[in-house]
Amino acid sequence: MKIFPLTLLPNDANIDFMRLRWISIAVAAIIMFVAIGAMATRGFNYALDFTGGNLIEAHLDKPMPLDAVRDKLAADGYDSAQVQTYGSGNQLLIRLQPREGESGDVATKHAADAVLKAVADAGNKADIVRNEFVGPQVGKELALKGLYALLFVVVGFLIYIAFRFEWKFAVAAIITTLHDVVVVAGWFAISGHEFDLTVLAGILSVMGYSINDTIVVFDRVRENFRSMRADPETVLNKSINQTLSRTVITSFVAFLTVVALYIYGGGSLRGMAESQMLGIIIGTLSSIFVACPLLTLGLLKVTKQDLMPKAKDEAALARRP
Amino acid sequence: MLTFARWKYFAILAVLILSVIYALPNAYPQDPSVQVSAAKAGTIAIDAPLAKRIEGILTEAKIATKSIKVEEQGNLLVRLADTELQTRAADLLRPRLGSDYVVALSLAPTAPKWLESLAAKPMPRGLDLQGGVHFVMQVDQEAALNKRLDAYVEDIRSTLRDAGVPYTSVVRRGNEALVATLGVNADKAKAQQRLRTSFPNLSIALDGQTLTLDVPQTELSRISLEAIEQNLNTLRNRINAFGVAEPVIQRQGTDRIVIQLPGLQDTAEAKRQIGATATLEFRAVVGEEAAAAAAVRDHSIPPDARVYYDNQKRPLLLSKRLLVSGDQLVNAQPMTDPQNGQQGVQINLNSVGGQRMLDHTLENVGKRLGIVYVEQIPTTSIVDGKEVQSIRTDERVINSATIRGVFGKSFQTTGLSAEESKSLANQLKSGALAAPMVFVEERVVGPSLGAENVKRGTTAVLYSFVFALTFFLIYYRMFGLITCLALLLNLLMVIALMSLMGATMSLPGFAGLALSVGMSVDANVLINERIREELRAGVPPQAAIATGYDKASGTIFDSNMTALLAGVALWAFGTGPLQGFAMTMIIGILTSVFTAVTVSRGIATLLYGGRRKLKSIAI
């Protein structure tokens with residue numbers, strides 16, 4: 001019968017991913033080390049959720065160069081002030097981390113004074129529209145909880161996958177997922193984009209997406225190992241190729257939905273959307289180029305015996321004379 | 001081959017109907033409204049005459065109302081056109097109705113009655129979507145410990161005194177122990193036995209003339225826990241009296257309290273009401289004014305007394321022994337003394353306080369009793385370049401009248417201004433704080449920003465849907481349509497479930513919705529691709545559909561279970577907005593498995609299952 005001709009990928013894709021495995025694993029490793037390096041050396045540009053500080057919205061009569069505002073704030077002791085415009089250009093959004101040894105009401109008052117001093121001059125009247133103080137401790141607690149969540153997920157994945165598949169698959173899936181999370185987190189360290197709670201949520205949900213993608217491929221690997229008579233490399237290659245169009249389409253549509261979030265969700269969801277867009281791309285690539293190649297290496301090398309139902313083996317052994 | 005049990009169709013139909021019913025209330029916009037209720041239930045009638053009166057007040061101020069109606073729950077609801085009118089109406093009504101009524105801002109549902117009778121309610125909206133005030137307060141645990149341990153010292157003294165055991169001193173040693181030094185001829189066994197029955201939580205050791213009462217770690221942590229619990233209750237009472245519909249007052253961690261007041265915009269007023277801690281203390285007057293002035297001048301204050309000042313800054317000596325404190329207050333109400341027209345507060349004590357007051361007044365008729373007004377004000381100061389959070393305590397004698405008769409649980413105190421006595425009564429009524437608190441975080445979300453967030457969120461979800469649906473319709477044609485139907489039902493189910501659970505919708509919640517679209521796409525793609533694969537392998541269409549669904553189901557189950565784990569972790573370890581996001585993700589994953597595996601299969605079978613000779617399918 002005739003099948004509708006519209007496809008994103010050729011149906012008979014037969015790319016030899018396994019031949020590239022050393023290259024792809026090396027590339028993934030390099031990206032990961034770059035990400036870890038960036039996190040170690042540059043650190044994150046933590047948002048007020050984590051550091052504490054003041055969020056000030058100011059309305060100016062006339063627009064004014066942002067660099068000038070930044071310089072004046074820096075001269076007043078606010079080194080890492082973030083100044084951005086929104087609306088018509090005479091609305092400023094300023095994030096200030098408190099000066100040494102200040103918090104609460106004192107910090108709020110000083111921050112407002114500093115902003116007024118920095119933006120107002122002769123002929124340019126400025127109003128503080130909003131000035132709110134966000135405490136830092138809360139952020140620390142949440143960051144710790146984020147770490148616990150990560151550990152919980154890793155252990156949970158290990159147990160579940162080891163139970164449903166095989167421990168080798170569990171380890172390979174965890175490595176792949178952690179790789180994706182590290183790379184996305186590393187991106188925020190490299191780009192210096194603000195790291196806030198929604199970004200943390202985005203990164204944690206990348207785990208869900210990444211594991212999902214990997215499991216779909218592994219599921220097919222398991223199925224093919226049981227039905228095909230071929231060496232592991234061929235089976236793995238075949239599995240990736242069979243699931244390739246699904247992987248690409250799913251990622252494409254998921255990417256589209258997150259793009260909608262990025263475009264229309266406004267500033268407060270942008271960080272989350274950004275982390276997820278990146279997570280989807282990395283998660284897709286790693287499920288193809290990292291997860292399966294890992295199953296051919298060293299201790300993680302899978303064989304047909306690993307996946308044959310155990311009961312059958314025992315039954316077969318019992319039948320032997 | 002391609003069959004689907006009839007009961008499953010009925011099940012899907014039932015799910016569809018239920019989802020529509022429970023998602024529907026969200027489609028009706030909510031009216032900004034002002035809710036008027038009685039400050040104390042049953043004391044004041046909320047009835048038609050009150051509605052008339054409110055209507056009069058509002059018409060006079062030219063505030064147009066949609067409706068003014070007495071509700072079944074004994075509230076009166078004034079519906080208004082927008083949030084600006086709502087704030088104005090509330091500000092106007094509050095002083096005009098007085099303290100007998102609670103005037104609160106709320107959002108009134110406009111959904112029809114029959115939906116309400118099915119318990120179908122719209123999702124409550126988070127602060128980021130409707131505007132309001134968000135505070136985080138830190139409880140000073142050290143102060144709570146100090147206060148309780150000081151109370152122990154006082155209690156040990158009075159126990160020994162009551163037992164007739166002479167002692168030279170009772171002091172604290174850090175936070176761990178209380179040390180009582182007994183007199184030379186003291187009956188040590190009696191002292192030990194009395195203290196043991198009075199303080200079963202403490203371990204008591206005798207060494208020579210000193211009795212050491214150790215405060216175990218469990219007792220210390222119990223004090224901390226009780227302090228935060230008591231503060232929570234106190235805050236709840238204060239906020240209820242304040243009049244905010246659906247406030248959120250939660251404990252966070254070991255020493256923090258999160259407060260969210262939706263609809264409120266005036267931070268300063270909210271902070272004043274929440275943070276104020278005022279209480280009364282009753283102490284015996286030790287010396288007359290002249291003696292006190294002399295004592296201050298000569299620095300010869302008696303050891304059992306302390307200098308207090310009154311409103312005019314005149315000194316007065318009061319006993320160090322606290323007769324009755326704010327903890328023992330049961331109720332307080334502002335009142336006007338009918339004899340002299342003075343403002344004051346009518347006070348009721350609990351039985352312990354009442355007994356002490358009775359004992360004291362029995363023995364001290366003709367002597368004077370001082371009433372001290374104690375207010376604690378959180379302050380921040382800079383010491384050596386370091387910021388120090390501290391509590392400034394403002395104490396003054398508001399009344400030092402001669403005891404004319406014996407009284408116990410219930411009495412009046414005067415000497416305050418009308419404003420002060422009303423505010424004091426309010427604060428006393430809502431209970432004392434076990435420990436002072438400081439504001440560590442505050443956010444105000446304006447109502448217009450909230451409305452903008454709602455618009456952004458819905459636009460984002462809408463477009464993520466449009467993008468996905470368009471793609472599916474083009475790429476998979478008929479099966480694309482099936483997928484679209486499954487996705488739509490999925491969205492409907494998520495909204496219905498969240499409404500049913502009363503989950504709070506916030507901006508990250510919208511992100512969760514958009515993401516659940518992305519997630520549920522996966523299951524559908526897996527199925528459609530499997531069917532295509534089977535067709536390419538030469539399997540006849542109906543068998544291909546059946547095999548496609550069967551083979552994909554296992555994969556869908558495994559991949560979604562693992563993604564679900566991530567969602568659960570996010571929910572378990574997150575707070576506030578993170579949890580909202582995780583909740584939508586979890587629900588989305590569960591419903592997407594159902595819609596992809598069951599619903600879409602049902603539709604596919606309905607379309608293709610009945611035909612005898614199916615030549616081709618559009619996929």
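Any value given below was found using the heavy atoms of this structure, including those in side chains, with hydrogens, waters and symmetry copies removed. Please read all numbers here as calculations on a predicted model, not as lab measurements. Residue numbers begin at 1 in each chain, while the letters A, B, ... track the order of the sequences.
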Student: Would you mind checking which part of A:I263 comes under 4.5 Å of any heavy atom in chain B, side chain (CB onward), backbone (N, CA, C, O), both or neither?
Tutor: neither
Student: Heavy-atom distance under 4.5 Å between the side chains of A:T257 and B:L515, does that happen here?
Tutor: no
Student: Looking at chain B, which one of A:I215, A:L261, A:N212 has the largest number of heavy-atom pairs inside 4.5 Å, strictly under?
Tutor: A:N212
Student: Flag the pair A:S205 / B:F581 as yes when at least one side-chain heavy-atom distance between them is below 4.5 Å, and no otherwise.
Tutor: yes
Student: Is A:Y262 close to chain B through its backbone or its side chain, or both, or neither, when contacts mean heavy atoms under 4.5 Å?
Tutor: neither
Student: Is it true that B:E529 and A:R220 make a salt bridge, defined as a side-chain N closer than 4.0 Å to a carboxylate O?
Tutor: no
Student: Nearest heavy-atom pair of A:A260 and B:S464: which atoms, and what distance?
Tutor: CB-N, 3.4 Å
Student: What's the verdict on salt bridge (charged side-chain N to carboxylate O under 4.0 Å, His left out) for B:E533 and A:R246, showing C-alpha distance, side-chain angles and the deciding distance?
Tutor: CA-CA 11 Å; B:E533 231 175 276; A:R246 169 265 154 200; over 6 Å; no
Student: If you count heavy-atom pairs under 4.5 Å between each of A:T243, A:V259, A:T250 and chain B, which one has the most?
Tutor: A:T250
Student: Answer yes or no: does atom CE of A:M277 have more than 12 heavy-atom neighbours from other residues, nucleotides or ligands under 6.0 Å?
Tutor: yes
Student: For chain B, which candidate among A:T214, A:I211, A:I280 shows the most heavy-atom pairs at distances under 4.5 Å?
Tutor: A:I211
Student: Any chance you could measure B:F467, atom CZ, to A:F252, atom CZ, to the nearest 0.5 Å?
Tutor: 10.0 Å
Student: Hey, which of B:V525, B:D522, B:L565, B:V461 has the most heavy atom pairs under 4.5 Å with chain A?
Tutor: B:D522
Student: When rounded to the nearest 0.5 angstrom, what is the spacing between CZ in B:F510 and CE in A:M272?
Tutor: 13.0 Å
Student: In terms of heavy-atom proximity below 4.5 Å to chain A, should B:A572 be classed as side chain, backbone, both, or neither?
Tutor: neither
Student: If you count heavy-atom pairs under 4.5 Å between each of B:A468, B:G554, B:A511 and chain A, which one has the most?
Tutor: B:A511
Student: Heavy-atom distance under 4.5 Å to chain A: side chain of B:F472, backbone, both or neither?
Tutor: side chain
Student: Between A:V258 and chain B, which part of the residue has a heavy atom less than 4.5 Å away: side chain, backbone, both or neither?
Tutor: side chain
Student: Within the structure provided, determine whether A:I249 and B:F471 are in side-chain contact (heavy-atom separation under 4.5 Å).
Tutor: yes
Student: Just so I understand: if I count every heavy-atom pair under 4.5 Å between each of A:L204, A:V153, A:I161, A:V216 and chain B, which residue has the most?
Tutor: A:V216
Student: Ion pair present between B:K551 and A:D219, side-chain N to carboxylate O less than 4.0 angstrom?
Tutor: no
Student: Of all heavy-atom pairs between A:G208 and B:A563, which one has the smallest distance, and what is that distance?
Tutor: O-CB, 3.9 Å
Student: Measuring from atom CG of A:L269 to atom CG of B:L507, what distance do you get when rounded to the nearest 0.5 angstrom?
Tutor: 4.0 Å
Student: Quick one: do the A:Y160 and B:D558 side chains pair a donor with an acceptor below 3.5 Å?
Tutor: yes
Student: Less than 4.5 Å apart, any side-chain heavy atom of B:T562 and any of A:F157?
Tutor: yes
Student: As an exercise: rank B:R530, B:M585, B:M561, B:E452 by heavy-atom pairs under 4.5 Å with chain A and give me the winner.
Tutor: B:R530
Student: Would you compute the distance between atom OH of A:Y209 and atom OG of B:S559 and round it to the nearest 0.5 angstrom?
Tutor: 11.0 Å
Student: Could you tell me whether the side chain of B:K455 reaches within less than 4.5 Å of the side chain of A:Y264, counting heavy atoms only?
Tutor: no
